[in-house]
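Single-structure report; data block below.
Lettering of chains follows the sequences in order, A, B, ..., and the numbering in each one begins at 1. Predicted model, so just to flag it, every value in this text is computed and none were measured.
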Amino acid sequence: LGQGARRDSRRAQGGASLSLSSRIAPILIATTFGCMSVAFVRVGPTMAAAAVESASAPLERPRTEIESLARMRPGAQRLTLALIGSLAFLESALLWRQHVMRRRVEQRLTMVGRRLAFIGQAARLGVLELESLDGPVWANAELRRLLSLAPRAHLTLESILDGIHRDDRHALQQAIRRAFDSTEPVPLEVRLAAGEGQPRWVALSFERHNLDQAASGAVLGGIAREVTERKHMEGELLKQRQQLAHLARVSILGELSGALAHELNQPLTSILSNAEAAQHFLGDKNLDLDEVRDILRDIVSDDKRAGDVIRRLRALLMRGEAQLQRVEIEQLLHDVLMLEHSDLIARNIRLKTRIPDYLPAVRADRIALQQVLLNLLLNACEAMSANSPQDRIVEVLASMTEDGHQVRLSVIDRGRGINPEQLDHIFDPFFTTKREGLGVGLAICRSIITAHSGRIWATNGTDHGAAFHFTVPVFEEQRHEHSISQGLHRR
Amino acid sequence: VYVVDDDAQVRRALERLIRVMGYRVSAFGSAAEFLAAHDAECTGCIILDVAMPDCGGLDLQRQLNESGRDRPIIFLTGHGSIPLSVQAMKAGAVTFLTKPITERDLAAVVSEAIALDRASRQTRATQNIVLKRLGSLTRRERQVLQYVVEGRLNKQIAAELGTVEQTVKVHRARVMKKMGARSVAELVRYATSVEWAATGGVSTRSVDDRVGMSASPQE
């Protein structure tokens, strides 16, 4: 009986027929209890010790054991049997306990699983886990729902990528690869493949973690959350910010309207006078063709000049999508001065520029950067309106930042400077020191520069005047096209 | 015609146009260049850009006025502002034109400005002659001239000066001769064309009313 129970229990440990041992357990308990009582009445403690020794003999040789049992004296036989029985009882009792524990753990596991599923669903949190790039992928129900994957389908990285927008697949693959090599979490935002119209966005974060103590058990966990609404709000915000920036540009140009009229009038004056002079020449008997040719050449170049002014104006006036591109500082300054030139003369202001030859181009939205520079220049000019004409000088300096990743531009005036208490607030919206100012110019400058991952700040000169500085990142040739568009989306 | 404009293209075009209109033209890129090179003696006008770096059109006008080497100025501006034009006109500008300008506008104001300059030069020349002649008079002759201009009769003048009528007559004939006047009317016109007080030290008085009355009996 003991042997049977033992065998039974062994099978039970394998997890197959636990119910059998649980059924025979009460019988075992009763039998063993009886045997034990008899044995302890009939034999002394010495014999009992011998019996324990023989009972604990290796189980692999049961037949021999039974044979040796047969050869024993009847008293010892009874004792041995009783001991075997009681051991079997103990074992089955342990087995029973193990069974109960296991059931409890199983129940708990199911609960934890259900809780996890509930959390995932309630928090709209998709979870996935993968051991390698080509291995199977585990994903929770929410992730499957997000990516429109079948609830019980076997998943691989390929099937995950299929749920992602075509243009973002590469970025996702790269991120996963990077996350496998890194100990830091790797975040990214991608669009979903499914659906028409407005794209749906998912924010993902991948992080390597260990399932067990061993380092070999590292897997990649990923958390995914839909952020479409946030993205749309960001889009709206961006649109509003751009509209505001556009309004500010229009108002700057409004301030410059007189100067711009002058800038256009110059070539128009020259064209008209040239044309009228040419008419005279043509009426002359001794027609001087060379003179007429010169006149026509001048007319063409003046016309181009007027066209340039109008093109730059249009660019600033138009409401366009921001476009990060390669911008040369020299060219930027030239474009801005073309619009600002007459204003500087009218205000009796001299401009000094210092741009080193080796200065690299920057990565920026050309129009936005023009706006910032124009705004700072106009502010500088206004700050010096009370100065004597000899002391009306604006300096524009350009240099590399110490780390070599950004270009710094400084606009320095010789005005009264900024009240030290106001230095921190000067970029706040609706903060103004001008009587007729709205206080949006510098705030917009800051939002533009921040969107370029640059910085803008103001300082006071040592003796007088204020200086405004801003940085923009250097244009890097090898930068991947995709990451540029990513940067724009993020804005 | 002097053209002063900092914009090379505009300068060249204006220079051409004014030349074909039949004037002699000199063009300058800045007020300083103009001041260094212009001929103050030559009759003409200036076509002057208001907005120029360093020294603007209005500054140049002031400098010319102060140095007495002024001539009619036609101001050109890209965008006319009322305060600027008022200031320019007060300082004696001929006119204030807004760019772009047509040949017709230009022709009218240029010929007007040159006529003005010619007239003012003529006046100035006459004044210079009169001043010179006044300088050649003796003290007594100047006193006689003063009374003549005031319309006094020879008898009255003699009484004033405590002399005889005959002496006054001699003085008077000498004054007429020295001043180059063929009639009393001419003499009076000459005498009043210059700042009378500047030469005689006698108070300036309005003599216009009395000229007509006194002129005929003296003839």
What do the steps show when you test His280(A) against Glu103(B) for side-chain contact (heavy atoms from CB on, under 4.5 Å), and what is the final call? CA-CA 11 Å; His280(A) 274 277; Glu103(B) 183 195 345; 2.4 Å; yes
For [X], look at atom [atom1] and say whether over 12 heavy atoms of other residues, nucleotides or ligands are found less than 6.0 Å away.
X	atom1	result
Arg408(A)	CZ	yes
Glu33(B)	CD	yes
Glu330(A)	CD	no
Arg118(B)	CZ	no

Hey, what do you get for [atom1] ([X]) to [atom2] ([Y]), rounding to the nearest 0.5 Å?
X	Y	atom1	atom2	result
Asp7(B)	Asn265(A)	CG	CG	11.0 Å
Asp49(B)	Gln266(A)	CG	CD	6.0 Å
Met52(B)	Asn348(A)	CE	CG	11.0 Å

May I ask you to test the Leu17(B)-Leu272(A) pair for a side-chain heavy-atom distance under 4.5 Å?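 Result no, sub-4.5 Å side-chain heavy-atom pair not found.
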Is the closest side-chain heavy-atom distance between Gln9(B) and Ser301(A) below 4.5 Å?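 Side chain of Gln9(B) against side chain of Ser301(A), heavy atoms only: contact under 4.5 Å found.
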Identify which of Arg305(A), Arg350(A), Gln279(A) forms the greatest number of heavy-atom pairs closer than 4.5 Å to chain B.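 Maximum pair count with chain B is reached by Arg305(A).
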Contacting region of [X] [heavy-atom separation from chain B under 4.5 Å]:
X	answer
Asp284(A)	neither
Ile295(A)	both
Asp298(A)	both

Let's go through Ser270(A) and Arg12(B) carefully: what are the C-alpha distance in whole Å and the side-chain angles of both, what is the deciding distance for side-chain contact (heavy atoms from CB on, under 4.5 Å) to 0.1 Å, and is it a yes or a no? CA-CA 8 Å; Ser270(A) 159; Arg12(B) 199 156 62 235; over 6 Å; no
At a 4.5 Å cut-off on heavy atoms, which part of Arg19(B) comes close to chain A: side chain, backbone, both, or neither?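 Only the side chain of Arg19(B) comes within 4.5 Å of chain A.
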Any luck finding a side-chain donor-acceptor pair between Glu276(A) and Thr102(B) under 3.5 Å?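 Not at all, the side chains of Glu276(A) and Thr102(B) share no donor-acceptor pair under 3.5 Å.
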Can you give me the closest heavy-atom contact between Ser273(A) and Ile101(B), atom names plus distance?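 Closest heavy-atom pair between Ser273(A) and Ile101(B): OG-O, 4.5 Å.
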